[in-house]
Structure formats: C-alpha cells, structure tokens
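Below is one structure, written out as structure tokens, with a few remarks after it.
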There are 2 protein chains.
Amino acid sequence: MREQLETLTEGNETSESSSRNTLRYIMLGLLWARPMSGYDIKQTFERAIASYWNAGNSQIYTTLKNLHKAGLIDAEIIVQTSRPNRKVYRLTRAGEEELSHWLQEDVPERFTKDEFLAKLFFCGAASDDVALAHLQSHRESLLKQLAHMEWARREYGSRPVRRPHLLEYQLLVREYKEAILKAGLEVTEKAIARLEQRLNPQS
Amino acid sequence: MREQLETLTEGNETSESSSRNTLRYIMLGLLWARPMSGYDIKQTFERAIASYWNAGNSQIYTTLKNLHKAGLIDAEIIVQTSRPNRKVYRLTRAGEEELSHWLQEDVPERFTKDEFLAKLFFCGAASDDVALAHLQSHRESLLKQLAHMEWARREYGSRPVRRPHLLEYQLLVREYKEAILKAGLEVTEKAIARLEQRLNPQS
DNA sequence: GAACGCATGTAATCAGTTACATGATTGC
DNA sequence: GCAATCATGTAACTGATTACATGCGTTC
C-alpha cells in the first residue's frame with residue numbers, strides 16, 4: 001500500500017524507536033508534567049485522558065519498569081507509615097529527549113476503532129428494537145462522558161499547575177473531544193427520535 | 001473495578017462466546033450481507049468501514065480460517081483461469097445465530113484510542129510550530145476522510161443491494177461519522193487560525 | 001520492463017486485557 | 001463487619017501489526 005524504499009539500508013541508529021507504543025510516550029509526558037507514581041498515573045488517566053486513551057494497572061506498572069530499565073525515568077521510594085510506600089518516578093534527560101522526539105514526529109495515520117458504529121452498521125440484520133436499545137445506551141454513554149468532562153473542568157481546570165504551557169493544549173483537546181461528543185449526541189438523538197416515532201406512532 | 005459474582009460457577013455452556021473479538025462479528029456481518037472472499041472483505045473494509053474499523057490481510061485470512069473451523073461459515077472454491085482462484089465464504093445457520101446474538105448484546109464500554117489527541121495533549125512541552133504542523137496534517141487527514149466518504153456515497157450509496165434493510169443503518173453510521181469528522185474539522189481549523197495569528201501576526 | 005490489480009496465506013512480534021495476588025487504613 | 005481508597009505488581013492470554021512469501025495477467 002505504501003512503498004518503502006530500502007535503498008538506504010544503513011543509518012538507522014539515530015533513535016532506536018520510531019513511533020507506536022503510544023502509551024510509553026503518554027507516560028513520559030505525564031512524568032514531564034510532574035513526578036508521579038504508577039497510582040498517580042492511573043488516576044490521571046481516569047480523570048483527564050480516559051476518553052481517548054487508557055491503560056490498566058498491569059500495563060502501567062510494566063511500562064514503568066521498562067522505561068526505568070531504558071534509563072528514561074528515575075525511581076525514588078517514598079516511605080509512608082499509614083499507607084503503602086510509593087515509588088515516584090521522574091523524567092531523566094534522556095526521557096525528555098525521547099518525549100521531545102515523539103512530539104515532533106508525525107502522528108501515524110491509524111484507523112480509530114469504534115465498536116458502537118461497527119455494531120450499528122449491521123443492525124439492519126436485527127430488529128429496530130435492538131438498534132433503538134443500542135442508540136439509547138450510547139446516548140447515556142455520551143452524556144456520561146460529557147458530564148465527566150464538565151466535572152473535570154471544575155475540579156482540575158483552573159488550578160495552578162507546574163507546567164502552565166501544557167494547559168493551553170489540554171484545553172484544546174478538551175474542546176475537541178467535547179465537540180465530537182456533542183456532534184455524536186446530536187445524530188444519536190435524531191436517530192432515536194426517528195425510531196421511536198416509527199415503533200410507537202401514537203399521538 | 002467491576003465485581004464479578006462467581007456464585008454460579010456452573011452453567012456457562014450457552015454460547016461459548018461473550019462479546020469482544022469484534023472483527024469476527026464484523027466479518028460474519030459482511031458475509032451475511034453477501035458471500036465473499038477474503039479479498040472482497042478487505043476491499044469492503046477499505047471502502048466502507050475503514051474509518052471506524054479495519055484489519056490487515058493476515059488477520060482477515062486467519063479469522064476466516066477460524067470461523068470456518070468453528071462451523072460459522074462454509075467455503076467454496078471458485079476456479080478461475082486468468083486470475084488466482086477465489087475462496088468464497090458464506091454464513092451457515094450457526095453463523096447467523098452467532099451474529100444475531102452479538103447484535104443483541106450490549107456494546108462494551110471501552111475507551112476509544114486517539115493518537116492525535118494524545119499527542120496534542122502534550123504539545124505544550126514542544127513549540128507552537130510543532131503543534132501547528134500536527135493540526136495542519138490532521139486537517140488534511142480529516143478532509144481526506146470526508147472526501148472518501150463523499151466518494152463512497154456516490155460509488156456505493158445508491159445501488160441495488162441484497163439486503164436493503166442494512167442500507168438504512170449504514171447511512172446512519174455514515175451520517176454519524178461525517179458529523180464527528182466535521183465537528184473535529186471545525187475545532188481544528190479554529191485552532192490553526194489562532195496559532196497562525198500568533199506565530200505570524202502581520203496584517 | 002515496471003507498476004498495479006488480483007488473490008492467498010504464514011511466522012514472529014508487540015500491545016493490550018483479564019485474572020490473580022496482597023494488605024493496611026479509613027469511614028459507614 | 002463491609003466497602004472504599006491507597007498502593008504495587010505477575011502471569012497468561014488474546015488481538016493486532018509487521019514482515020515475509022508467491023505468482024499470474026494487464027496496462028502504461
């Protein structure tokens with residue numbers, strides 16, 4: 001599909017990584033913003049990132065171990081008495097470079113999975129009731145996501161942060177995500193109205 | 001996170017599958033619409049589904065083999081002279097039931113990855129030029145996707161099909177996808193304008 | 001004679017999910 | 001006494017990508 005010129009087979013030692021592995025870079029980015037433990041990272045995902053990326057604890061902790069082994073982050077154990085100890089990680093110089101390299105790289109054009117649309121596409125093979133139920137629960141899901149963004153905006157939107165310049169792009173991302181959620185909601189609600197009309201044409 | 005009651009450990013022979021493995025079901029759905037070869041399936045992905053799901057040839061062919069082994073599809077070899085032979089698959093009764101079962105199941109709430117937003121989120125750690133470049137190439141990508149949908153509408157939108165009832169939901173999916181692409185485009189263009197203004201404030 | 005369309009696959013690897021495992025403290 | 005929050009991980013598995021492998025016919 002895309003031709004790959006292999007005329008220059010040598011000379012690829014520059015950086016030993018070329019995109020993908022997005023999670024690694026997201027985590028580097030988070031640790032650039034401030035030093036954090038695996039637990040903190042998980043929290044940040046849930047609070048601020050979950051609508052376009054997420055990871056389970058298992059993946060987070062193994063990735064932290066990898067990043068540490070690769071020398072991109074340093075670890076420090078914070079001893080606590082009435083709570084389990086924390087391992088707090090912070091970016092090294094090499095980690096900063098890796099992050100900056102990723103930021104400058106083009107975003108690879110990979111398709112975005114959407115299981116809802118995939119199922120809806122085939123709803124003609126089921127009944128309209130089934131389609132309606134999916135649309136309704138999708139609407140609930142969208143409303144929940146929008147409510148969560150609203151909550152996050154209040155809770156974390158206007159607090160002093162260590163990296164103020166990050167805030168601007170975080171707002172942009174939120175604006176983007178909110179816009180597409182709302183656009184999806186509109187189409188969903190119109191479709192629900194149409195179907196309800198058809199299935200239940202009283203009044 | 002979600003508790004799983006294991007009080008009823010027995011009794012799970014009903015259907016040996018419970019969601020996930022979306023690709024399998026998409027392929028069953030496509031074969032329900034009409035019998036197809038792996039090659040046809042790949043084409044259909046590219047033409048009609050690629051914006052919210054896709055798969056490489058390797059995955060398509062191995063999945064076809066699995067579905068066949070599971071008795072959900074039948075295979076027939078179509079001998080051709082001036083072209084490689086084709087293996088055309090069609091749904092069995094068991095396959096239809098599996099599909100219908102999936103269609104009635106709730107869509108599991110899994111987050112949707114978006115590498116563009118993930119990178120944009122951290123663009124405060126780079127320069128505005130970098131962010132601008134990403135936004136511009138994202139705009140191109142959105143325009144390309146919209147153009148492709150336009151093309152698909154003309155090419156495949158108004159032709160007789162074996163399963164006319166499918167068409168309605170396919171149109172809805174297209175409408176949905178188009179709406180969110182346009183919403184994203186709008187935000188992207190506004191952000192580009194803002195950045196260009198800032199980086200290059202002549203006139 | 002190069003590139004493209006047709007047509008099918010295998011092997012190795014990587015990313016991501018699920019299940020499992022532990023344990024103290026705080027609030028209801 | 002029960003659930004939630006804090007806190008860190010390992011092992012097994014499944015889903016998805018990348019690289020590799022083949023080969024004929026048609027069009028430029």
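Just so it is clear, the values below take in all heavy atoms, side chains as well, and ignore hydrogens, waters and symmetry mates. In the text below, chain A, chain B and the rest are named by the order of the sequence lines, each starting its count at 1.
When the nucleotides C:dT17, D:dT10, D:dT17 are ranked by their closest atom to the side chain of A:Lys65, D:dT10 comes out on top. Closest to the side chain of A:Ser58, out of D:dT18, C:dA19, C:dT10, is C:dA19. Among D:dA7, C:dT25, D:dG15, the nucleotide with an atom closest to any side-chain atom of A:Ser82 is C:dT25.
Between B:Lys113 and the phosphate of C:dG16, there is a side-chain N or O to OP1/OP2 separation shorter than 4.0 Å. Contact annotation: B:Lys87 side-chain N/O to C:dG9 OP1/OP2 distance is under 4.0 Å. Within the structure, a side-chain polar atom (N or O) of B:Ser37 is placed less than 4.0 Å from OP1 or OP2 of C:dT8. Taking only side-chain nitrogens and oxygens, B:Asn21 comes nearer than 4.0 Å to OP1 or OP2 of D:dG15. Residue B:Gln80 places at least one side-chain N or O closer than 4.0 Å to OP1 or OP2 of C:dA7. Distances shorter than 4.0 Å separate some side-chain N or O of B:Gln43 from OP1 or OP2 on C:dC6. Contact check, A:Arg83 against C:dA24: no side-chain N or O comes under 4.0 Å of OP1 or OP2. Between B:Lys42 and C:dA7 there is no side-chain polar atom (N or O) within less than 4.0 angstrom of OP1 or OP2.
As a whole-Å value, the separation of B:Glu46 CD from C:dC6 C1' is 15 Å. At whole-Å resolution of the value, CG in A:Leu64 and P in C:dA15 are 15 Å apart. The distance from atom CZ of B:Arg86 to atom P of D:dG23 is 21 Å, rounded to the nearest whole Å. What separates OH of B:Tyr61 from P of D:dT18 is a distance of 18 Å, to the nearest Å. To the nearest angstrom, C1' of D:dA16 lies 14 Å from CE of B:Met27. In this structure, the CG atom of A:Asn66 is 17 Å from the P atom of D:dT8, given to the nearest Å. Separating the NE2 atom of B:His68 from the P atom of C:dT8 is a distance of 14 Å, rounded to the nearest angstrom. Between B:Asn57 atom CG and D:dT18 atom C1' there is a gap of 13 Å when expressed in whole angstrom units.
Side-chain rings of B:Tyr169 and A:His134 stay apart, their centers remaining 6.0 Å or farther from each other.
A salt bridge links A:Arg86 to A:Asp40: one of the charged nitrogens lies within less than 4.0 Å of a carboxylate oxygen. Between A:Glu46 and A:Lys42 there is a salt bridge, since at least one side-chain N of the basic residue sits less than 4.0 Å from a carboxylate O of the acidic one. Electrostatic pairing of A:Lys182 and A:Glu178 counts as a salt bridge here, judged by a charged N lying under 4.0 Å from a carboxylate O.
Closest approach of A:Leu64 to A:Ile73, counting heavy atoms only: O-CD1, 3.5 Å.
Where A:Asn54 and A:Thr81 each meet DNA chain C at their nearest nucleotide, the meeting point lying more 5' is that of A:Asn54. Residue whose closest nucleotide on DNA chain C sits further toward the 5' end, between B:Val88 and A:Ala55: B:Val88. If A:Tyr39 and B:Pro84 are placed on DNA chain D by their nearest nucleotide, the residue sitting closer to the 5' end is A:Tyr39.
Ring orientation note: the planes of A:Phe111 and B:Trp53 are tilted relative to one another, at an angle of 30° to 60°.
Using a 4.0 Å heavy-atom cutoff across all strands shown, A:Asn85 reaches sugar-phosphate atoms only and no base atom.
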